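Taking it in order: structure first as structure tokens, then the write-up.
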Amino acid sequence: MKYQLNSHMYVFGKVIRTPKISITFLSYLLLGKQNILIDTVPYKAAEAYMEELESVLPVDKIDGIILNHSEEDHSGALGAVLEKTGNIPIYCTAASRERIGDRYPGADFRPVADGSSLTLGDYTFRFIHTPGLHWPDNMVTWLESDKILFSNDLFGQYLAEDPPVEGGLSDEEILAGSRPYFEKVFRSSTPEERSVILAITDLPIHTLAPGHGLVLQDHWPALRDYYREEAVRK
């Protein structure tokens with residue numbers, strides 16, 4: 001699955017619909033002076049993913065990777081990308097590097113600090129660590145110039161569409177896919193771990209670009225308010 005979100009950003013991924021679950025696995029490519037890949041997809045989807053990337057940009061023209069989380073459903077195609085790009089920088093948390101660094105000997109993992117900013121070509125990113133939501137290595141990435149939050153697992157939904165956008169869905173339909181996701185992925189987190197959600201939802205987010213579910217704009221406020229309520233629940 002490939003979809004152009006705007007003049008300089010594409011979303012790629014895998015769509016799964018079964019009687020038991022509907023979900024997407026999403027990755028993003030930003031084009032510019034530097035071409036930046038944000039997250040990848042599961043290993044089983046790597047071949048189709050690489051073909052879709054190549055249809056937009058020769059993969060060896062990617063200049064850097066932001067890896068918000070090391071779990072296989074987000075990092076599974078990393079090896080396939082690195083085979084084409086060589087030793088490009090991979091920006092992630094120190095915990096992500098510790099978890100998967102041995103799998104990619106010689107890879108250029110560059111840990112980013114919580115709250116730090118990084119300019120890559122046309123884009124300045126800010127990284128916000130979210131340990132405990134849902135693994136110790138999770139973070140989200142804020143692109144202020146476009147008001148886009150690349151949220152990986154956070155704000156995900158059990159929803160699947162191709163293209164992965166909100167379309168004609170209602171707030172309640174978005175929340176119906178979001179509530180069970182929250183219960184499975186985040187309910188076990190502590191109020192202290194969830195407190196970062198309040199700071200993140202204070203950002204002037206125009207577009208939510210998650211790792212699972214749908215890219216949201218019109219329905220982001222409803223999802224934001226739901227998470228704010230859950231963030232303070234004991």
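Being a predicted model, the structure only gives us computed values, none of them experimental.
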| message | Please evaluate residues His129 and Asp137 with respect to the criterion side chain to side chain donor-acceptor pair (under 3.5 Å), reporting the C-alpha separation (whole Å), side-chain torsions for both, the decisive distance (0.1 Å), and the verdict. | response | CA-CA 8 Å; His129 292 195; Asp137 72 326; over 6 Å; no
| field | His134: partners by ring pair (Phe, Tyr, Trp, His ring centres under 6.0 Å), with sequence neighbours left out | value | His69
| note | From the list Thr24, Leu216, Ile23, Leu175, side-chain contact (heavy atoms from CB on, under 4.5 Å) with Gln157 holds only for Leu216
| field | Thr40 side chain to Tyr49 side chain, donor-acceptor N/O pair below 3.5 angstrom | value | no
| task | Could you tell me whether the side chains of Asp146 and His8 share a donor-acceptor contact shorter than 3.5 Å? | result | yes
| message | Between Ile38 and Ile128, is there shared hydrophobic-cluster membership here, with clusters defined by ILVMFWY side-chain heavy atoms closer than 4.5 Å? | response | no
| field | Interatomic distance, Thr119 atom OG1 to Lys33 atom NZ [nearest 0.5 angstrom] | value | 11.0 Å
| field | Neighbour count >12 (heavy atoms, 6.0 Å) for atom CG, Asp102 | value | no
| query | Are a donor atom and an acceptor atom from the side chains of Arg224 and Thr201 found within less than 3.5 Å of each other? | reply | no
| Is the shortest side-chain N to carboxylate O distance from Lys2 to Glu54 below 4.0 Å? | no
| task | Kindly indicate whether the side chain of Leu29, heavy atoms from C-beta on, has any atom under 4.5 Å from the side chain of Ile36. | result | no
| task | Compute whether any side-chain donor of one residue and acceptor of the other, for Asp39 and Asn68, lie under 3.5 angstrom apart. | result | yes
| said: Is there a side-chain contact between Pro131 and Glu193 in this structure, where contact means two heavy atoms from C-beta onward sitting under 4.5 Å apart? | reply: no
| query | So does Arg97 pair up with Asp108, basic N to acidic O under 4.0 Å? | reply | no
| Do Tyr226 and Ile197 share a hydrophobic cluster, counting only Ile, Leu, Val, Met, Phe, Trp and Tyr and linking them when any side-chain heavy atoms are less than 4.5 Å apart? | yes
| task | Taking only Lys NZ, Arg NE, NH1 and NH2, and the carboxylate oxygens of Asp or Glu, determine whether Arg99 and Glu71 approach each other closer than 4.0 Å. | result | no
| field | Joint cluster assignment, Val41 & Val15, ILVMFWY side-chain distance < 4.5 Å | value | no
| How about Leu208 and His219: do any of their side-chain heavy atoms sit closer than 4.5 Å? | no
| message | Between Lys61 and Asp63, does any NZ, NE, NH1 or NH2 come within less than 4.0 Å of an OD or OE carboxylate oxygen? | response | no
| task | Decide salt bridge (Lys or Arg N to Asp or Glu O under 4.0 Å) for Asp162 and Lys14; before the verdict, give the C-alpha distance in whole Å, the side-chain angles of both, and the deciding distance to 0.1 Å. | result | CA-CA 9 Å; Asp162 186 0; Lys14 173 74 172 176; over 6 Å; no
| request: Kindly write out the residues that satisfy ring pair (Phe, Tyr, Trp, His ring centres under 6.0 Å) with Tyr227, not counting sequence neighbours, or none if the list is empty. | output: Phe155, Phe182
| remark: Paired with Ile88, the side-chain contact (heavy atoms from CB on, under 4.5 Å) test is passed by just one of Ile62, Asp60, Leu37, namely Ile62
| field | Tyr10 ring center near Tyr28 ring center (under 6.0 Å) | value | no
| field | Cluster link Leu30 to Leu149, ILVMFWY, side chain under 4.5 Å | value | no
| task | Would you indicate whether the side-chain heavy atoms of Leu143 and Thr124 approach each other to under 4.5 Å? | result | no
| query | Is it true that the side chains of Asn152 and His212 contain a donor and an acceptor less than 3.5 Å apart? | reply | no
